[in-house]
Asks: 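Structure in structure tokens, see below.
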Amino acid sequence: MLTAPPSPPLSRRLAAEALGSFFLFAAVIGSGVMAEALAGGNIAVALIGNTLATGAMLFVLITIFGPVSGAHFNPAVTLVMAARRALAWRDTLPYLAAQLGGGLLGALAAHFMFGLPLFQLGLKARAGPGQFMGEFIATFGLLLTIIGTVRHRPAWVAPAVALYIVAGYWFTSSTSFANPAITLIRSLTNSFAGIAPVDVPLFIVAQLLGAAAAALLAPLLFPDEPTA
């Protein structure tokens, strides 16, 4: 999720995006399965386990893959970085494909590890204006966190993003998906982290609108040059 223009060859950057998405999506789904199994029906305890695993994995993945691909793992981040000219538009579709492909394999790996059917559909309903607003705010705040931290404290991007997502799990009504790719993939798991496919479009629209709002506001908050 770093925004500095990446210099490695595209093939290496795509490998980093695919591997990062694999581990991130596997962590979100796998930790949800594990947490729900161990929580004894206590949803709050399960969410704590899911939250901590996701935040920890984000910190690690951004640290190791940030210098390679920018560590987006998220189409909303990729699109905003392209709009800010931190990523060439011609690389956008390959990035999105790597994120979705790696994320799908991560979900399948999580299902396989826990002995679940590989292919399934989410049944958990996540609908309504509150969920829409939750995803808008989650994605808006995530993009502002990334852009602002890169502008002023680039060495802190990994902890800042990880901590934002940890907080987002708890302060947003939607538990902060904030990522169109993981939203789509989570519709393919009927686990703690799942979402009903019918609710996916609502989430993705809210995420893209939140990302666009952050992209429009960021230049005013974090200008490239000091203002008089």
Asks: Is any side-chain heavy atom of Leu10 closer than 4.5 Å to a side-chain heavy atom of Arg90?
Replies: no
Asks: Might you point out which heavy atoms bring Pro67 and Ile62 nearest each other, and give the distance in Å?
Replies: CD-O, 4.2 Å
Asks: Should Val150 and Leu220 be regarded as members of a common hydrophobic cluster, given that ILVMFWY residues are connected when their side-chain heavy atoms come within less than 4.5 Å of each other, either directly or indirectly?
Replies: yes
Asks: Working to the nearest 0.5 Å, report the span between CE of Met113 and CG of Leu108.
Replies: 11.0 Å
Asks: What are the two closest non-hydrogen atoms of Tyr164 and Ile137, and how far apart are they?
Replies: OH-O, 3.3 Å
Asks: Kindly indicate, with the supporting measurements, whether the criterion side-chain contact (heavy atoms from CB on, under 4.5 Å) is fulfilled by Ile147 and Val80.
Replies: CA-CA 10 Å; Ile147 296 168; Val80 170; 4.1 Å; yes
Asks: With the side chain counted from C-beta on, respond yes when Leu143 and Val77 share a heavy-atom pair under 4.5 Å apart, and no when they do not.
Replies: yes
Asks: CZ of Phe112: more than 12 outside heavy atoms within 6.0 angstrom?
Replies: no
Asks: Could you state the interatomic distance from CG (Leu188) to CG (Leu118), rounded to the nearest 0.5 Å?
Replies: 12.0 Å
Asks: Determine, using the 4.5 Å side-chain heavy-atom cutoff (strictly less than), whether Leu19 and Phe25 are members of one ILVMFWY cluster.
Replies: yes
Asks: Take Leu142 and Val161 through the side-chain contact (heavy atoms from CB on, under 4.5 Å) test and state the conclusion after the steps.
Replies: CA-CA 7 Å; Leu142 174 62; Val161 172; 3.9 Å; yes
Asks: Of the non-hydrogen atoms in Gly20 and Leu61, which two are nearest, and what is the gap between them?
Replies: O-CD1, 3.3 Å
Asks: A quick test of your reading: do over 12 heavy atoms of other residues, nucleotides or ligands sit less than 6.0 Å from CH2 of Trp170?
Replies: yes
Asks: Short question: side chain of Lys124, backbone of Ala193 - any donor-acceptor pair under 3.5 Å?
Replies: no
Asks: Taking side chain as C-beta onward, heavy atoms only, is Gln99 less than 4.5 Å from Pro75?
Replies: yes
Asks: Quick one: does Asn179's side chain have a donor or acceptor within less than 3.5 Å of a partner on Phe73's backbone?
Replies: yes
Asks: Just jot down the side-chain contact (heavy atoms from CB on, under 4.5 Å) partners of Leu208, sequence neighbours excluded, or say none.
Replies: Leu79, Pro180, Ile204
Asks: Which pair of heavy atoms, one from Gly55 and one from Val166, lies closest together, and at what distance?
Replies: CA-CG2, 3.7 Å
Asks: Any donor-acceptor pair under 3.5 Å linking the side chain of Thr78 with the backbone of Tyr95?
Replies: no
Asks: Consider only side-chain heavy atoms of I, L, V, M, F, W and Y, link residues closer than 4.5 Å, and tell whether Val60 and Trp156 are in one cluster.
Replies: no
Asks: Is there a path from Ile64 to Leu163 through hydrophobic residues (I, L, V, M, F, W, Y) whose side chains come within less than 4.5 Å of each other?
Replies: no
Asks: Which value, rounded to the nearest 0.5 Å, describes the distance between Ile182 atom CD1 and Phe203 atom CZ?
Replies: 12.0 Å
Asks: Could you check whether any side-chain N or O of Asp199 sits under 3.5 Å from a backbone N or O of Arg126, counting only pairs where one atom can act as donor and the other as acceptor?
Replies: yes
Asks: Rounded at 0.5 Å granularity, tell me how far CG in Leu184 sits from CZ in Phe177.
Replies: 11.5 Å
Asks: Side-chain contact, heavy-atom cut-off 4.5 Å: Ile29 with His111?
Replies: yes
Asks: If only atom types and distance count, is the side chain of Arg13 paired as donor or acceptor with the main-chain N or O of Pro8 below 3.5 Å?
Replies: yes
Asks: How long is the straight-line distance from OG of Ser174 back to CD of Gln131, given to the nearest 0.5 Å?
Replies: 5.5 Å
Asks: Is Val28 reachable from Leu52 through a run of I, L, V, M, F, W or Y residues, each pair having side-chain heavy atoms under 4.5 Å apart?
Replies: yes
Asks: CD/Gln207 to CZ/Phe132 distance, rounded to the nearest 0.5 angstrom?
Replies: 10.0 Å
Asks: Is there a donor-acceptor contact under 3.5 Å from the side chain of Ser21 to the main chain of Ala18?
Replies: no
Asks: Which heavy atom of Gly32 sits nearest to which heavy atom of Phe192, and what is that distance?
Replies: O-CB, 3.5 Å
Asks: More than 12 heavy atoms of other residues, nucleotides or ligands under 6.0 Å from CD1 of Ile43: yes or no?
Replies: no
Asks: Is Thr92 reaching over with its side chain to a backbone N or O of Trp89, donor-acceptor style, under 3.5 angstrom?
Replies: yes
Asks: Taking all non-hydrogen atoms of both residues into account, name the closest pair between Met57 and Phe23 and its distance.
Replies: CG-O, 3.9 Å
